[in-house]
S.K.: 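Questions regarding the structure given below will be posed in turn.
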2 protein chains.
Amino acid sequence: MPDAADPAPMTARRKFRREGEERRRQDLIEATLDCVAEYGLQGATLRTIALRAGVTAGLIRHYFPGKEELLQGAYTALVGRMTEQAKAALVMEEASPRQRLAAFVTANLSAPIIDQRVFSLWATFIGRAGADPTLARAHREGYLGFRNEVEAVVAEVLAAEQREPDASQLRRHAIAINAIIDGLWIEGCLAGEMFSPGELAAIGIKAVEAELGLAPLKQDPEK
Amino acid sequence: MPDAADPAPMTARRKFRREGEERRRQDLIEATLDCVAEYGLQGATLRTIALRAGVTAGLIRHYFPGKEELLQGAYTALVGRMTEQAKAALVMEEASPRQRLAAFVTANLSAPIIDQRVFSLWATFIGRAGADPTLARAHREGYLGFRNEVEAVVAEVLAAEQREPDASQLRRHAIAINAIIDGLWIEGCLAGEMFSPGELAAIGIKAVEAELGLAPLKQDPEK
DNA sequence: GGCCTTGTTGCGCAAGTGTATAAATAGCCT
DNA sequence: AGGCTATTTATACACTTGCGCAACAAGGCC
């Protein structure tokens, strides 16, 4: 009785809630992306990630075999979201091919695709592509998927203009248009304040139409 | 005599050579860039860098107050080299503005500017621009410098064609052309094998000429 | 040649890292 | 209500990290 003194836990054990497995995984991945975007790969430690997710570090190992798998999961989620958003701008039915192309360019050069956080994540991960074949392949697949979408719309646009480009020309157009969008996307993410709202999209549309040899729609042709 | 036993250094102290200050700094910065490109920011530890540079880790502190300054120095050196190389393609005298523009595009889309290592470095550092104002400013300055160069050549090209674009048009052209070059540069660095030699340059030149509304030089106009 | 400066090494340290594992408790099932 | 189990916490551990410091020696100077 008297001997077993009061356990007197000086520090109470932390309260916690049990969450569904999928929910926790998503939370952890989101916290990982937050940390990578904010502190870089070196600053994204398990403890920081756990803190951001509102759990303790040990829990991560319950959902991921190790840090590497967590990062891979985070990158996969990021790429998935990016390509999904980019392609979403193409689904508008009942619009002329040209309108769809313009809408596609505009969507890819406006919020939420123009976003500094996403750019930071993209750059941080893609910077490792040279050393990590997994990343390199993931980029390649995403890039080709995106380019094929572009190529499909371009084909529609040119068909509507009674032009019949061969496969080689189509490929070149798609590569060039993809580059235009990528280049403007980067600048918009890195220094958005340098451009007035809608300016990047306008520049992009003009450049794309020039690449395809399309006459401007409304304005008088050049000066 | 007998007491002070043989010091008997089991391991001999490492031999070394004294190098000039500037030489050592450059070596250390180069080793840093190597490590960052190969292992990322997290893998670029003082010990790894020192090993690559052929010195011991402690020496780094003799030349840089801390790791952060070393990384800043490395990034500064990288940016300097990149812009220097990019601009070097413009110095050719005795060439028509159009030839200079084409040469500029070609140079920026060929080796050594198309280079996976440099791209990895660029991406790794620029990914931190969102969180590090120093990096953001460095990028901004480099970008504007590059864009101004582009704008100057564009002005020359259009002047030679008897066209008189206003400042706003010139700005838009420069932004678009810069984006074209950047976008193609990225693809060339990330997946160079996907393009035949000179293909990116050819696509870039065509896209730039389309953006400026220039008729192709040799071939019959379009198809 | 011997000294003196200082570039350079070698080692130690506290903080932080990813991983491993035991102890606790939240919440479902009966 | 009470037990079971899987989720979650907490702690330990081996290792690495950036940094500080004292000893050492390379190479110029007299």
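Below, chains carry the letters A, B, ... as their sequence lines are ordered, and counting in each starts from 1. This structure is a prediction, so every number in the text was calculated from the model and none was measured.
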S.K.: Nearest whole angstrom, please: distance from the C1' of C:dG18 to the CD1 of A:Ile49.
M.R.: 11 Å
S.K.: Looking at every strand, decide which applies to B:Glu21 at a 4.0 Å heavy-atom threshold: base, sugar-phosphate, or nothing.
M.R.: nothing
S.K.: Rounding to an integer number of Å, can you tell me how far A:Leu59 CG sits from C:dG18 P?
M.R.: 15 Å
S.K.: Send over the distance from A:Gln42 CD to D:dT16 P, rounded to a whole Å.
M.R.: 18 Å
S.K.: B:Ile60 CD1 to C:dC11 P: how many Å, rounded?
M.R.: 18 Å
S.K.: Atom CG of B:Leu71 to atom C1' of D:dG18: distance rounded to whole Å?
M.R.: 12 Å
S.K.: Assign A:Leu46 to base, sugar-phosphate, or nothing according to its heavy-atom contacts below 4.0 angstrom with the strands shown.
M.R.: base
S.K.: Are the side chains of B:Leu212 and B:Ile177 in contact, using a 4.5 Å heavy-atom criterion?
M.R.: yes
S.K.: Assuming nearest nucleotide by heavy-atom distance, tell me which of A:Thr56 and B:Thr45 is located more 5' along DNA chain D.
M.R.: A:Thr56
S.K.: Of A:Pro65 and B:Gly54, whose closest DNA chain C nucleotide lies nearer the 5' terminus?
M.R.: B:Gly54
S.K.: Assess whether a salt bridge exists between A:Arg117 and A:Glu30, defined as any Lys/Arg side-chain N lying under 4.0 Å from an Asp/Glu carboxylate O.
M.R.: yes
S.K.: Check whether any side-chain heavy atom of B:Glu19 lies under 4.5 Å from a side-chain heavy atom of B:Val55, and answer yes or no.
M.R.: no
S.K.: Quick one: B:Leu51 CG to D:dT16 C1', roughly how many Å, whole number?
M.R.: 15 Å
S.K.: When you measure from the side-chain N and O atoms of A:Arg61 to the phosphate of D:dT8, is any distance below 4.0 Å, counting only OP1 and OP2?
M.R.: no
S.K.: Between C1' on D:dT16 and NZ on B:Lys67, what's the gap in Å once rounded to a whole number?
M.R.: 11 Å
S.K.: Run the ring pair (Phe, Tyr, Trp, His ring centres under 6.0 Å) test against B:Phe146 and tell me which residues pass, sequence neighbours left out.
M.R.: B:Phe104
S.K.: Any Lys/Arg nitrogen of B:Arg171 or A:Glu199 sitting under 4.0 Å from an Asp/Glu carboxylate oxygen of the other?
M.R.: yes
S.K.: Could a donor-acceptor pair under 3.5 angstrom be found where the side chain of A:Arg13 meets the base of D:dT9?
M.R.: yes
S.K.: Let me know the distance between CD of B:Glu69 and P of D:dG18, rounded to the nearest Å.
M.R.: 13 Å
S.K.: Can you pull every protein N or O that's under 3.5 Å from an N or O on nucleotides 26-30 of chain D?
M.R.:
residue: D:dA26; atom: N3; partner: B:Arg18; partner atom: NE; Å: 3.3
residue: D:dA26; atom: N3; partner: B:Arg18; partner atom: NH2; Å: 3.1

S.K.: Would you list the pairs meeting ring-ring contact (aromatic ring centres under 6.0 Å, His included) in which at least one residue belongs to residues 40-66 of chain A, sequence neighbours left out?
M.R.: none
S.K.: Got A:Ile175 and B:Phe195 here, is their nearest side-chain heavy-atom distance under 4.5 Å?
M.R.: yes
S.K.: Tell me whether the side-chain N or O atoms of A:Arg47 pair up with the base of C:dG18 as donor and acceptor below 3.5 Å, since no angle test is needed here.
M.R.: yes
S.K.: Counting only side-chain N and O atoms of B:His62, is one of them less than 4.0 Å from OP1 or OP2 of C:dG7?
M.R.: yes
S.K.: Nearest to the side chain of B:Tyr63, heavy atoms from C-beta on, is which of D:dT8, C:dT19, C:dT8?
M.R.: C:dT8
